[in-house]
Amino acid sequence: MEFEEICRENYARIYNYILAKTGKKEAAEDIAQDVFLIALRKGDAFLHHEKPVAFLYVTARNLILEYYKKTKASFRQTGISQNICPTTL
């Protein structure tokens with residue numbers, strides 16, 4: 001399977017997964033783009049991965065966690081204390 005085909009078949013699912021976890025369209029767009037950029041940079045390692053779709057979801061999950069860590073840190077810096085992380089990721 002080629003990279004473009006994997007992107008075409010899975011972009012909407014990955015985007016919707018990220019949107020469901022973040023609740024923000026802009027964040028979902030940015031994170032989804034990063035997911036596929038990471039996969040592209042992996043090159044053949046990604047294309048020959050036993051489960052490339054699982055790789056995309058794991059990468060998305062990791063980037064979502066990173067997003068929440070950064071967002072939470074920015075709340076701390078402004079003095080706003082707010083639990084923004086969902087209980088299940």
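- Put simply, CG on N10 and CD on E5 are 9.5 Å apart, with the number rounded to the nearest 0.5 Å.
- In this structure, L40 is a member of the same hydrophobic cluster as F55, with clusters built from ILVMFWY side-chain heavy atoms closer than 4.5 Å.
- In this structure, the separation between OH on Y57 and CD1 on I64 is 10.5 Å, given to the nearest 0.5 Å.
- Considering all non-hydrogen atoms of both residues, F3 and F36 come closest at CZ-O, 3.4 Å.
- Counting heavy atoms from C-beta on, the side chains of F46 and R41 never come closer than 4.5 Å.
- No continuous path of hydrophobic side-chain contacts links V58 to L19 [ILVMFWY only; heavy atoms under 4.5 Å].
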TODO: Under the salt bridge (charged side-chain N to carboxylate O under 4.0 Å, His left out) rule, what do K70 and E66 come out as? Steps first, then yes or no, please.
DONE: CA-CA 6 Å; K70 286 179 184 178; E66 188 177 305; 3.4 Å; yes

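- The CD1 atom of I31 lies 10.5 Å from the CD1 atom of I38; values are rounded to the nearest 0.5 Å.
- The existence of a salt bridge linking K25 and E29 is excluded, since no basic side-chain nitrogen approaches an acidic carboxylate oxygen closer than 4.0 Å.
- Atom CG of L56 sits about 11.0 Å away from atom CD of E9, to the nearest 0.5 Å.
- Going from atom OG1 of T59 over to atom CD1 of I14 covers 8.5 Å, rounded to the nearest 0.5 Å.
- Taking NZ of K42 as the start and NE2 of H48 as the end, the distance is 15.5 Å to the nearest 0.5 Å.
- Considering only heavy atoms from C-beta on, T22 stays 4.5 Å or farther from T71 through its side chain.
- Cluster annotation: Y67 is not connected to L37 through the hydrophobic network of ILVMFWY side chains, with a link wherever side-chain heavy atoms come within less than 4.5 Å.
- Among all heavy-atom pairs drawn from A28 and I18, the shortest one is CA-CG2, 3.5 Å.
- Criterion: ILVMFWY side-chain heavy atoms under 4.5 Å apart, direct or through other members. Under it, L63 and V53 are part of a common hydrophobic cluster.
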